[in-house]
Amino acid sequence: MSLSLLVCFFGGFLPMFVPSLTLEIVLRVICGFGVGLIQPLSASLIVDCFKKGSEADALMGIRSTMVGLGATIFSSAITGMTSTWKSLNFAAVLMIVCIMIVAFNAFDKKRN
């Protein structure tokens, strides 16, 4: 999961600094691959960690809701607070926080 977060970070953050539209599109495609890796992994974690039944079903519903609402609300809020649409790429910095959370929890000896 850390690899997919890194791919998403670099593909989402670097377009803010490139001068070429072609390179920006290529980086956006790379970001899309990262997101494409993250989405199924988050669903499989729920399936692996919770028994089938109402608890897993409820968590899958919450996950789906948060994915939809998060993208809509977060992108609208960032776009409204910034003066240019390229500043929206700065939101990828939050991927660093996610990478750190995953890295610290993945290597925690007490949990394994």
Side-chain angles (χ1 to χ4, degrees):
M1 186 170 243
S2 293
L3 177 65
S4 58
L5 287 169
L6 281 172
V7 169
C8 191
F9 168 72
F10 286 116
F13 185 66
L14 291 179
M16 194 159 91
F17 302 108
V18 297
S20 166
L21 182 62
T22 305
L23 186 57
E24 187 171 342
I25 291 172
V26 168
L27 288 169
R28 283 296 186 182
V29 168
I30 290 171
C31 181
F33 282 125
V35 171
L37 290 170
I38 292 170
Q39 293 295 334
L41 283 174
S42 64
S44 68
L45 282 174
I46 292 173
V47 171
D48 288 343
C49 294
F50 296 94
K51 296 178 182 176
K52 291 184 178 181
S54 62
E55 187 176 29
D57 294 342
L59 287 173
M60 288 297 278
I62 291 170
R63 178 198 158 274
S64 298
T65 303
M66 292 301 120
V67 167
L69 284 176
T72 304
I73 293 171
F74 191 70
S75 64
S76 299
I78 294 291
T79 306
M81 290 187 297
T82 59
S83 60
T84 174
W85 66 270
K86 281 192 129 201
S87 299
L88 183 61
N89 296 327
F90 192 69
V93 171
L94 292 176
M95 285 293 163
I96 295 294
V97 174
C98 294
I99 291 168
M100 292 172 63
I101 289 170
V102 169
F104 288 130
N105 287 329
F107 300 112
D108 189 9
K109 302 276 186 204
K110 295 176 187 173
R111 296 183 128 191
N112 294 335

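Keep in mind that what you see is a predicted model, and the values were worked out from it rather than measured.
Across every non-hydrogen atom of Ile30 and Val7, the tightest pair is O-CG1, 3.4 Å. When all heavy atoms are compared, the tightest approach of Gly12 to Cys31 is N-CB, 3.7 Å. Taking every heavy atom of both residues into account, Leu37 and Ser4 meet most closely at CB-CB, 3.4 Å. The shortest non-hydrogen separation linking Gln39 to Arg63 is O-NH2, 2.9 Å. The minimum heavy-atom distance linking Pro15 with Glu24 is given by the pair CB-CG, 3.5 Å.
Both Val26 and Leu6 sit in one connected hydrophobic cluster of ILVMFWY residues. Membership requires side-chain heavy atoms under 4.5 Å apart, directly or through other members. Follow the hydrophobic side-chain contacts under 4.5 Å out from Leu41 and you never reach Val67; the two are in separate clusters. Hydrophobic clustering (side-chain heavy atoms under 4.5 Å, transitive across Ile, Leu, Val, Met, Phe, Trp, Tyr) groups Phe17 together with Leu27.
Between the CZ atom of Arg28 and the CG atom of Leu14 there is a distance of 10.5 Å, given to the nearest 0.5 Å. Distance check: Ile62 CD1 to Asp57 CG gives 11.0 Å after rounding to the nearest 0.5 Å.
Taking the six-membered ring where tryptophan is involved, the planes of Phe13 and Phe9 are essentially parallel, since the angle between them stays under 30° and well short of 60°.
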